J.: 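My questions all concern the structure below.
A quick note: this is a predicted structure, and the numbers were derived from the prediction, not measured.
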Amino acid sequence: MGFFERFLSIWVALGMAAGLGLGLLVPSLFQTVAGLEFAHVNLVVAVFIWVMIFPMMVQIDWNAVKDVGQKPQGLLLTLVVNWLIKPFTMAALGVLFFQYLFAPWVDPQSAQEYIAGMILLGVAPCTAMVFVWSQLVKGDANYTLVQVSVNDLIMVVAFAPITAFLLGVTDVTVPWETLLLSTALYVVLPLSAGMLCRRLWLARGHEHLQRRMAQLKPWSVTGLIATVVVLFGFQATTIVDKPLVIAMIAVPLVLQTYGIFFIAWWGARWLQLPHNVTGPACLIGTSNFFELAVAVAISLFGLNSGAALATVVGVLVEVPVMLSLVALINRWAPTPTDQTSA
């Protein structure tokens with residue numbers, strides 16, 4: 001593990017602090033950057049995420065991708081957790097906290113909007129960041145690609161009806177521009193570039209490919225930290241102005257994330273999945289497609305709504321919580337002795 005990866009939590013914490021500080025000191029800069037978006041996809045964040053996931057795309061071997069279908073248990077686990085468990089547990093936690101536990105401190109209208117934002121996060125499984133989490137736990141890059149791709153296909157047909165059912169509304173419109181642009185930017189383009197680079201470098205020998213991949217690896221961490229700085233810079237004023245509200249929204253989101261992770265982990269252990277499949281399978285279910293959730297929250301409830309705020313809090317909570325789960329997975333990785341005895 002490289003120097004940056006070894007102390008990743010520290011770098012991310014510093015990135016969060018830097019983003020918060022810069023967002024307060026030079027808010028106009030972040031307002032300008034925030035305006036550089038299309039279909040609710042911020043182009044600057046897109047570039048940083050692209051930098052994050054491209055190194056993993058180079059690792060993908062299409063010959064191995066073809067064999068993923070021979071081991072469908074990991075895919076089945078991902079689909080069950082993402083579409084049959086996660087949206088409904090998120091809705092249940094939202095109701096529990098904002099209609100009961102936090103009811104004395106939150107007005108009913110805001111409570112309903114916070115619940116709606118949480119539901120939108122729960123119905124939008126991750127598309128991009130999971131490639132980074134998978135790399136950090138030494139996940140099977142080929143399997144991760146298939147898991148993400150299958151989720152994206154299901155999202156096309158399942159997102160709107162599940163969202164409409166849980167929100168109790170009938171006019172949920174999938175923001176196709178956001179969904180398609182995000183998929184193109186975060187999956188199709190980096191995958192195509194990674195395939196091309198892999199082919200070119202492999203033509204010069206396997207050692208050359210390994211050397212290039214080692215050179216690219218630190219860029220994933222660099223892109224992650226840059227993304228954290230920008231995201232926290234965007235929301236610096238909100239974090240300072242509404243710390244109590246953000247803390248209240250964060251509580252059920254954190255509980256949901258850890259709860260879904262352990263459900264997926266126990267499922268993976270029951271299915272006896274290999275560790276390099278278990279890690280990504282658990283992390284896909286716990287992270288969210290925040291661009292899609294934010295876009296739908298804004299279209300349904302408005303830019304300054306509680307629903308939009310809840311989806312933003314989901315973004316802010318995700319990185320530190322996911323890093324803690326990455327640390328758990330790496331700690332629980334089987335040792336060479338375990339693998340030999342197995």
J.: Could you tell me if the side chain of Leu328 sits less than 4.5 Å from the side chain of Trp265, heavy atoms only?
T.: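 Heavy-atom side-chain distance check fails, nothing below 4.5 Å.
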J.: Same hydrophobic cluster for Leu153 and Ile60, using side-chain heavy-atom links shorter than 4.5 Å among ILVMFWY?
T.: no
J.: Could you tell me how the ring of Phe102 sits relative to the ring of Trp105: parallel (under 30°), tilted (30 to 60°) or perpendicular (over 60°)?
T.: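 The rings of Phe102 and Trp105 stand perpendicular, inter-plane angle above 60°.
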J.: Heavy-atom distance under 4.5 Å between the side chains of His275 and Ile329, does that happen here?
T.: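 They are in side-chain contact.
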J.: Is there a donor-acceptor contact under 3.5 Å from the side chain of Thr278 to the main chain of Pro274?
T.: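 Such a contact is found between Thr278 side chain and Pro274 backbone.
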J.: Is any side-chain heavy atom of Ser134 closer than 4.5 Å to one of Tyr143?
T.: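 Tyr143 does not reach Ser134 side chain to side chain.
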J.: Quick one, Phe97 and Ile249 - any side-chain contact, counting heavy atoms below 4.5 Å?
T.: no
J.: Do Ser149 and Asp152 have a side chain donor and acceptor closer than 3.5 Å?
T.: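 Side-chain D/A pair, Ser149 to Asp152: absent.
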J.: For Ser305 and Glu113, does a side-chain donor sit closer than 3.5 Å to a side-chain acceptor?
T.: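 Their side chains do not contain a donor-acceptor pair, so the 3.5 Å distance test is not met.
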J.: Do Gln73 and Gln272 meet the criterion of a side-chain donor-acceptor pair at a distance under 3.5 Å?
T.: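 There is no such pair between these side chains.
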J.: Kindly say whether Asn288 contributes a backbone atom to a donor-acceptor pair with the side chain of Glu318 at under 3.5 angstrom?
T.: yes
J.: Side chains of Pro161 and Phe165: does their closest heavy-atom pair fall under 4.5 Å?
T.: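 Sidechains of Phe165 and Pro161: no contact.
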J.: Of the non-hydrogen atoms in Pro125 and Met155, which two are nearest, and what is the gap between them?
T.: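 Where Pro125 meets Met155 most closely, the heavy atoms are O-CE, 3.8 Å.
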J.: According to a 4.5 Å side-chain heavy-atom criterion applied to Ile, Leu, Val, Met, Phe, Trp and Tyr, with indirect links allowed, do Trp332 and Trp266 form part of one hydrophobic cluster?
T.: yes
J.: State whether a side-chain donor-acceptor pair under 3.5 Å links Tyr258 with Ser324.
T.: yes
